[in-house]
Amino acid sequence: MELGLIGLGKMGGNMRERLRRAGHTVIGYDRNPDVTDVASLKELVDSLAAPRVVWVMVPAGAPTQQTVDELGELLSPGDTVVDGGNSRWTDDEKHAEELGTKGIGFVDCGVSGGVWGLQNGYALMYGGDSAHVAKVQPIFDALKPEGEYGAVHAGRVGAGHFAKMVHNGIEYAMMQAYAEGWELLEKVDSVTDVREVFRSWREGTVIRSWLLDLAVDALDKDEHLDGLRGYAADSGEGRWTVEAAIDNAVPLPAITASLFARFSSRQEDSPSMKMIAALRNEFGGHAVESKK
């Protein structure tokens, strides 16, 4: 089938290639003239036969809103828009309503797979009316991994991005656990080969996973991670997961702690730890270190 794809970065560009390998016609638009197939959104829409399916793969927030607004003016009743970025699920509800008044369908799709998606396929979580999802199904089938699993119609509009948000919250906690275990193993003198301990866990243990495989790959490149600064950004989904937990009174201690650990990574000298050190010194006479 034909697909218009907006946003040809690391994810979008590889998605275009995977779809073309599967025999689909993909017309891509990107502001980068080196990768785009057409010069404008209007040219992209005009290049597609109706009813059209246009997949948006741009950053969440204002860029997605602007793109949806423009598509609302360019598309026709019976066309369908898919938001495959990392939008907040509440934005999906707004976009579906805006486009729905013009007879344009809307599907939200959480996409996981990163730079490995071209080779391994993308895990897809999508939400929307069944009739709109059906129009996109051949594209979902081509993007998903081989086999029975890897794609799900999670529910109504917003369900796809909500599911992907929770997925990323779980990812935060899993990565934090591996990181803390690695740090403890590196700290003690009795364990002399932390990298091989991690490698041994890849078979026969209950904690084996693709994340563990990637950790071993990273340690193979830099055994003690000496070349890295201990800084980790958060892309938004972790915060939204914690906010949703508060709104629904669902306890998420592990995911919340992993999010806060990201924040601590940005501090060269933790202010709160200064107070902890001061209090320990005051009540117990514990030693403090002066700032150099």
Side-chain angles (χ1 to χ4, degrees), residues 1-111 113 117-118 122 124 126-143 157-158 160-161 164 236:
M1 65 175 282
E2 285 188 342
L3 178 74
L5 181 59
I6 302 169
L8 302 171
K10 292 179 181 179
M11 289 277 280
N14 281 343
M15 289 167 64
R16 175 176 63 175
E17 178 62 23
R18 183 172 175 88
L19 289 168
R20 286 177 173 174
R21 291 180 185 179
H24 295 287
T25 299
V26 182
I27 301 171
Y29 170 70
D30 194 277
R31 291 181 297 178
N32 181 354
D34 295 333
V35 299
T36 193
D37 298 320
V38 293
S40 66
L41 284 183
K42 184 178 187 306
E43 186 178 345
L44 179 143
V45 170
D46 290 344
S47 300
L48 299 169
R52 306 170 186 86
V53 175
V54 179
W55 188 301
V56 179
M57 206 71 187
V58 302
T64 295
Q65 183 66 61
Q66 180 181 353
T67 304
V68 170
D69 289 344
E70 290 186 45
L71 289 174
E73 298 301 319
L74 294 169
L75 295 175
S76 304
D79 294 342
T80 303
V81 172
V82 182
D83 179 5
N86 283 326
S87 294
R88 189 183 175 98
W89 79 96
T90 49
D91 290 342
D92 296 325
E93 297 166 354
K94 178 174 180 286
H95 296 156
E97 182 178 355
E98 292 170 347
L99 293 173
T101 61
K102 301 179 180 183
I104 301 168
F106 180 83
V107 175
D108 65 286
C109 183
V111 182
L118 174 59
Y122 299 89
L124 306 172
Y126 37 92
D129 293 342
S130 296
H132 298 153
V133 168
K135 294 179 181 179
V136 193
Q137 195 63 55
I139 299 299
F140 292 148
D141 292 341
L143 288 174
V157 164
H161 280 143
K164 176 59 163 46

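Residue numbers count from 1 along this sequence.
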Nearest heavy-atom contact between Ile27 and Ser47 is CD1-CB, 3.5 Å
Here the gap from Thr80 atom OG1 to Asp129 atom CG, rounded to the nearest 0.5 Å, amounts to 10.0 Å
Return the minimal non-hydrogen interatomic distance between Leu8 and Val35, and the atom names on each side.
CD1-O, 3.4 Å
Note: Leu75 and Ile104 closest approach over all heavy atoms is CB-CD1, 3.8 Å
Dump the intermediate steps for side-chain contact (heavy atoms from CB on, under 4.5 Å) on Arg21 and Leu118, then the final yes or no.
CA-CA 10 Å; Arg21 291 180 185 179; Leu118 174 59; 3.8 Å; yes
For Leu124 and Phe140, the nearest pair of non-hydrogen atoms, with its separation, is CD1-O, 3.5 Å
Evaluate side-chain contact (heavy atoms from CB on, under 4.5 Å) for Thr67 paired with Tyr29, printing each intermediate quantity in order.
CA-CA 11 Å; Thr67 304; Tyr29 170 70; over 6 Å; no
Any Asp83 side-chain heavy atom under 4.5 Å of Val68 side chain
no
Do His95 and Thr64 have side chains that get closer than 4.5 Å, going by heavy atoms?
yes
Under 3.5 Å donor-acceptor, Thr36 side chain and Ala39 backbone:
no
To the nearest 0.5 Å, atom CG of Leu71 lies from atom CD of Glu98 at 12.0 Å
Could you tell me whether the side chain of Phe106 reaches within less than 4.5 Å of the side chain of Val157, counting heavy atoms only?
yes
Taking atom CZ of Arg16 and atom CG of Leu5, what is their separation to the nearest 0.5 Å?
7.5 Å
Looking at Met1, is its backbone amide N or carbonyl O close enough to the side chain of His24 to form a donor-acceptor pair, meaning the two atoms are under 3.5 Å apart?
yes
So CH2 of Trp55 and CE of Met15: to nearest 0.5 Å the spacing works out to 4.5 Å
Mind checking what makes side chain to side chain contact (heavy atoms under 4.5 Å, CB included) contact with Pro51, not counting sequence neighbours?
Asp79
Criterion side-chain hydrogen bond (donor to acceptor under 3.5 Å, both in side chains) on Asp91 and Ser87, from CA distance to verdict:
CA-CA 7 Å; Asp91 290 342; Ser87 294; 5.2 Å; no
Test: Lys164 and Asp92 ion pair at under 4.0 Å
no
Between Leu48 and Val54, is the side-chain contact (heavy atoms from CB on, under 4.5 Å) condition met? List the steps.
CA-CA 9 Å; Leu48 299 169; Val54 179; 3.9 Å; yes
Approximate separation, where rounding is to 0.5 Å, of Leu3 CG and Arg20 CZ
10.5 Å
So does Gly78 get a backbone contact from the side chain of Lys135, meaning a donor-acceptor N/O pair under 3.5 Å?
yes
What I want to find out is whether Lys102 reaches Glu73 closely enough, with some N-O distance under 4.0 Å, to be called a salt bridge.
yes
If you count every heavy atom of other residues, nucleotides or ligands that lies below 6.0 Å from Glu97 atom CD, does the total exceed 12?
no
Start with the C-alpha distance between Tyr126 and Gln137, add both sets of side-chain angles, then the distance that settles side-chain contact (heavy atoms from CB on, under 4.5 Å), and finish with yes or no.
CA-CA 10 Å; Tyr126 37 92; Gln137 195 63 55; 3.5 Å; yes
Between the side chain of Arg52 and the main-chain N/O of Val45, is any donor-acceptor distance below 3.5 Å?
yes
Ignoring hydrogens, what is the shortest heavy-atom contact between Val82 and Cys109? Give both atom names and the distance.
CG1-CB, 4.1 Å
Hey, what do you get for CG (Leu44) to CG (Asp37), rounding to the nearest 0.5 Å?
8.5 Å
Across all chains, not counting sequence neighbours, the side chain to side chain contact (heavy atoms under 4.5 Å, CB included) partners of Thr25 are Glu2
His161 (side chain) donor-acceptor with Thr90 (main chain) under 3.5 angstrom
no
